[in-house]
Amino acid sequence: MNRYETVFILTPVLSDEQMKEAVEKFKDVLKQNDATLVNEELWGLRKLAYPIQKKSTGFYVLFEFEAEPTIVKRLETAFRRDERVIRFLTFRLDKYAAEYAEKRRRLRAEKPQVEPAEAEAEATEAKEA
């Protein structure tokens, strides 16, 4: 089994519920094909480097999974068939990339998570001072 990482961008016109439904759909594609989901990261709404389909933002999602090579083609077919996906990229991780991904996950888990409301309050306080 190889380890893969895929990043896909969903259209920004989706509601939060629709976005989560799309993510679940692609997780189900992996589970149905006996892939093991190692990591899932929802990066949220981000600005695109260049407009795609006249859109300047998109919901970014990252999956890291272990699977047979044939599953990648099925997953990418599902991406192409879904109109909510505007871009995707899947690649196989070699041993160095897998180590780096584990290190990045570990550092992210150690870093304290700040709620968006708290971050906004801190920014407002900094402006007033």
Side-chain angles (χ1 to χ4, degrees):
M1 289 181 99
N2 295 327
R3 183 173 281 188
Y4 296 93
E5 192 171 85
T6 186
V7 176
F8 57 97
I9 306 170
L10 298 170
T11 184
V13 297
L14 300 175
S15 70
D16 209 33
E17 185 177 306
Q18 290 171 325
M19 188 263 305
K20 289 179 181 173
E21 177 186 316
V23 171
E24 286 299 318
K25 174 187 171 187
F26 297 119
K27 277 203 281 193
D28 289 343
V29 169
L30 291 173
K31 289 177 186 173
Q32 289 170 1
N33 292 295
D34 299 325
T36 306
L37 191 64
V38 176
N39 185 32
E40 171 193 357
E41 295 179 17
L42 300 174
W43 292 347
L45 190 66
R46 292 185 172 220
K47 189 173 187 308
L48 301 173
Y50 54 89
I52 302 172
Q53 299 173 0
K54 298 184 180 179
K55 293 173 178 63
S56 61
T57 58
F59 289 105
Y60 280 71
V61 182
L62 173 124
F63 285 162
E64 190 178 334
F65 60 96
E66 291 182 353
E68 296 297 325
T70 56
I71 293 173
V72 174
K73 192 166 190 160
R74 292 182 189 138
L75 180 63
E76 290 185 350
T77 300
F79 285 145
R80 285 187 185 93
R81 287 182 178 167
D82 197 325
E83 62 203 25
R84 298 173 289 191
V85 177
I86 55 178
R87 281 289 191 275
F88 63 90
L89 177 66
T90 304
F91 55 94
R92 187 177 63 84
L93 299 176
D94 62 3
K95 66 179 183 177
Y96 303 109
E99 287 174 12
Y100 176 76
E102 289 173 17
K103 180 180 174 184
R104 184 174 49 87
R105 273 198 314 272
R106 209 172 29 252
L107 290 174
R108 188 175 179 138
E110 291 173 2
K111 190 169 118 177
Q113 296 294 326
V114 177
E115 293 295 322
E118 292 174 17
E120 189 175 306
E122 289 175 9
T124 306
E125 289 174 11
K127 284 182 183 178
E128 292 173 357

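In this chain, numbering begins with 1 at the start of the sequence shown. This is a predicted model, so every value here is computed, not measured.
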Side chain to side chain contact (heavy atoms under 4.5 Å, CB included) against V29, all qualifying residues, sequence neighbours excluded: N33, L75, A78
Shortest non-hydrogen separation from F79 to V85 and the atoms involved: O-CB, 3.8 Å
Sequence neighbours left out, what passes side chain to side chain contact (heavy atoms under 4.5 Å, CB included) with A67? Give chain and number order. A35, F65, I71
Sorted by chain and residue number, the side chain to side chain donor-acceptor pair (under 3.5 Å) partners of R87 (sequence neighbours excluded) come out as none
Would you kindly confirm whether V7 and L14 end up in one hydrophobic cluster when ILVMFWY residues are joined by side chain heavy atoms under 4.5 Å apart? no
Connected hydrophobic set around L93, excluding itself, where side chains approach under 4.5 Å: L89, F91
Can you tell me which residue pairs pass the salt bridge (charged side-chain N to carboxylate O under 4.0 Å, His left out) test with a partner in residues 5-16, sequence neighbours excluded? E5-R104, D16-K20
By side chain to side chain donor-acceptor pair (under 3.5 Å) - contacts of E24 (at least two apart): K27
Report the C-alpha distance between V23 and L10 in whole Å, list the side-chain angles of each, state the deciding distance to 0.1 Å, and finish with yes or no for side chain to side chain contact (heavy atoms under 4.5 Å, CB included). CA-CA 9 Å; V23 171; L10 298 170; 4.2 Å; yes
I52 CD1 to I86 CD1 distance, which is reported to the nearest 0.5 Å: 5.0 Å
Please report the C-alpha distance between K103 and R106 in whole Å, then the side-chain angles of each, then the deciding distance to 0.1 Å, and finally whether the side chain to side chain contact (heavy atoms under 4.5 Å, CB included) criterion is met. CA-CA 5 Å; K103 180 180 174 184; R106 209 172 29 252; 3.9 Å; yes
Taking only residues two or more places apart in sequence, or in another chain, which ones meet N2 in a side chain to side chain donor-acceptor pair (under 3.5 Å)? Y4
Nearest 0.5 angstrom please: I9 CD1 to L45 CG, how far? 11.0 Å
Sorted by chain and residue number, the ring pair (Phe, Tyr, Trp, His ring centres under 6.0 Å) partners of Y60 (sequence neighbours excluded) come out as none
The side chain to side chain contact (heavy atoms under 4.5 Å, CB included) partners of E66 (sequence neighbours excluded) come to R3, T36, V38
Can you list the residues that meet the side chain to side chain donor-acceptor pair (under 3.5 Å) rule with T6, with sequence neighbours excluded? T90
For Q32, the side chain to side chain contact (heavy atoms under 4.5 Å, CB included) test, sequence neighbours excluded, returns D28
I need the full list of side chain to side chain donor-acceptor pair (under 3.5 Å) pairs touching residues 43-58, with sequence neighbours left out, sorted by first then second residue. E41-W43
Do the ring centers of F26 and F8 come within less than 6.0 Å of each other? yes
